[in-house]
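A quick write-up on the structure given underneath.
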Amino acid sequence: MKAAMMAQRFNVDGWLVSAYPMGDGNVNDTYQCIFRTVFSEEKIVLQRLNSNVFKDPEAVMANMHLVTNHAHKRLIEEHDIADRIWQLPRIIPAKDGRDYAIDGDGGFWRAITRIASAHSYETIQSAEHAREVGAVLGNFHHLMSDMDASKLKDTLPGFHITPGYFQKFDEALATPEGQARLNSSQISKNVYRYIQERREWSSVLEDAKARGEIQDRVIHGDPKTANVMIDDTTAKGTAIIDLDTTKPGLVHYDIGDCLRSCCNPVGEDCQDLSQVVFDLDLCEAVLKGYQAHSQNFMTDAEKNYLYDCVRLITFELCLRFYADFLAGDVYFKITRDGQNLHRARVQMQLCMSIEARESQIRRTLERM
Ligand code: GN1
Ligand code: MG
């Protein structure tokens, strides 16, 4: 198996015992690899980056290097005043000293340490869990708050710039295959209409940024439930993983995405749409955890756009999944036909729930 072969290109002590797929990532391929020596064992995470998505994988690794070095230094400095041992994976170099290894087909592989005695969950398990996910994101923003965003490369141009995803949507609709997919079911037509009705509004954050009201910081880019590790022993959040999208961006993208993910307890691929709702108690819990650890660095202007970001990032993911369905599933990996349409339908349901609960959500956010 290729993963087993590639695992051995990295600088890990011992002999490889196994290399199995792990996680449910929509973009990269991820494996857990176990190495043993005659007296110890080490688990690592091995990943093949999706070259359709990340056109400059070396830049992804360069960013990861800067971010992890910066964060590790701060975590050590602040350890004595912290309420837990925060962690962040470290890059494992290849045996030739590079941060990655290339396979015979040009595939780009990298290895990182596996945070031990901790797990991440695809869906939120409880209000305590939601608070811990918020805490981990808050701590990450705190750690990045003194990092110079201009040092980081833009590894995914247009990421979270919502109006830009309309271009992909329009391009797909301009093809006969895209038209056929649009007309393939009533569900597809409903999602299409829902998206079209929100086209004008979709630039709400970019417009505020253009007016100079809010600005870029260093963000994670993908702080969903599944990317936060929870300590098996203490049940506290301990690390944020998946640093591929860490780059300059609005802090709103992160807060919106974290709430989008955490406040829908049935997850992104739930079959029963009636269960998809934006849970206000979970929202409150995430925000409490976030606030306790982010050191309140947000400006009032940034706070003004919190409701918009929750609605927008949920809408955006609906649009991204739907545009990919129209384009023939070229970005998000699928395991069954129509999965990206269904994922879009779930995010649409969640966005409808957010819109229906606007005043309650705004009240919860005002307490930030
Ligand atoms: C993708 O593959 P994964 O889990 O890292 C996507 C995110 C979406 C997420 C939805 C680079 O994340 O933006 O929010 O799916 N990552 C990229 O589950 O597009
Ligand atoms: Mg990711």
Side-chain angles (χ1 to χ4, degrees), residues 21-31 45-57 59-61 63-64 67 89 108 110 112 119-124 133 137 140 152-162 164-165 168-169 205 219-229 239-250 252-270 276 309-325 327 329-335 339-351:
M22 74 183 292
D24 286 315
N26 294 328
V27 171
N28 297 327
D29 296 326
T30 305
Y31 303 85
V45 176
L46 176 74
Q47 290 184 298
R48 175 173 38 207
L49 262 64
N50 184 328
S51 55
N52 265 340
V53 173
F54 297 106
K55 305 289 182 205
D56 185 358
V60 172
M61 296 313 290
N63 280 3
M64 198 167 169
V67 166
F108 188 100
R110 56 107 187 277
I112 55 171
H119 286 89
S120 68
Y121 302 83
E122 286 299 319
T123 54
I124 281 291
V133 175
L137 180 62
F140 183 76
L152 298 177
K153 297 188 182 133
D154 191 351
T155 48
L156 214 49
F159 191 56
H160 288 320
I161 312 285
T162 314
Y165 294 105
K168 294 189 178 164
F169 171 87
L205 285 185
I219 62 155
H220 179 274
D222 191 9
K224 60 179 186 179
T225 315
N227 283 338
V228 172
M229 304 287 293
I240 195 156
I241 54 172
D242 188 0
L243 301 175
D244 294 335
T245 47
T246 302
K247 64 187 193 89
L250 296 174
H252 299 81
Y253 304 152
D254 273 359
I255 296 174
D257 196 56
C258 188
L259 291 170
R260 169 197 73 73
S261 165
C262 291
C263 304
N264 165 24
V266 292
E268 291 176 14
D269 211 3
C270 176
V276 179
C309 77
V310 180
R311 181 180 170 208
L312 186 69
I313 294 296
T314 308
F315 170 76
E316 179 191 275
L317 192 56
C318 168
L319 167 60
R320 293 173 65 199
F321 282 141
Y322 187 69
D324 199 36
F325 160 72
D329 309 305
V330 291
Y331 187 103
F332 295 107
K333 294 191 285 180
I334 53 166
T335 53
Q339 191 173 9
N340 278 322
L341 172 60
H342 181 71
R343 288 168 172 158
R345 180 70 187 83
V346 170
Q347 294 304 312
M348 171 179 149
Q349 191 73 18
L350 186 61
C351 197

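The first residue of the sequence shown is numbered 1, and numbering continues consecutively from there. Counting starts at 1 for both ligands and their atoms, in listed order.
- T246 is linked by a side chain to side chain donor-acceptor pair (under 3.5 Å) to nothing, counting only residues two or more places apart in sequence or in another chain.
- Put simply, the side chain of T30 reaches to within 4.5 Å of the side chain of V45, judged on heavy atoms.
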Next on the checklist: Assess the residue pair Q347 and R343 against the criterion (side-chain hydrogen bond (donor to acceptor under 3.5 Å, both in side chains)); give the C-alpha distance rounded to whole Å, side-chain angles, the decisive distance to 0.1 Å, and a yes or no.
Outcome noted: CA-CA 6 Å; Q347 294 304 312; R343 288 168 172 158; over 6 Å; no
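- With P223 as reference, D254 is the one residue of V133, D254, L259, V228 to meet the side chain to side chain contact (heavy atoms under 4.5 Å, CB included) rule.
- For ligand 1, none of its N or O atoms has an N or O atom of H160 under 3.5 Å away.
- Close approach of ligand 1 to G25 is summarised as follows: ligand atoms under 4.0 Å from at least one heavy atom of the residue are 2 (O), 4 (O).
- The contact set between ligand 1 and K224, taken as ligand atoms under 4.0 Å from a residue heavy atom, comprises 3 (P), 4 (O), 9 (C), 10 (C), 12 (O), 15 (O), 18 (O).
- Using a 4.0 Å cut-off between heavy atoms, N26 contacts ligand 1 through both its backbone and its side chain.
- The shortest N or O to N or O distance between E268 and ligand 1 is under 3.5 Å.
- Under the side chain to side chain donor-acceptor pair (under 3.5 Å) criterion, K153 pairs with no residue, sequence neighbours left out.
- Looking at ligand 1, you'll find an N or O of V27 within less than 3.5 Å of one of its N or O atoms.
- By the 4.0 Å N-to-carboxylate-O rule, K333 lies close enough to D29 to be salt-bridged with it.
- Remark: ligand 1 atoms within the under-4.0 Å shell around heavy atoms of Y331 are 11 (C), 17 (C), 19 (O).
- In this structure, R343 falls outside the shell of residues with a heavy atom less than 4.0 angstrom from ligand 1.
- When each of V276, I124, V346 is checked for a side chain to side chain contact (heavy atoms under 4.5 Å, CB included) with V266, only V276 meets the rule.
- Residue N227 has no nitrogen or oxygen atom sitting less than 3.5 Å from a nitrogen or oxygen atom of ligand 1, judged on distance alone.
- Polar contact check, N28 against ligand 1: no nitrogen or oxygen pair lies under 3.5 Å apart.
- Of the residues listed (D222, D56, D154), the one engaging K247 in a salt bridge (Lys or Arg N to Asp or Glu O under 4.0 Å) is D154, and it is the only one.
- For D242, every heavy-atom contact with ligand 1 shorter than 4.0 Å involves the side chain, none the backbone.
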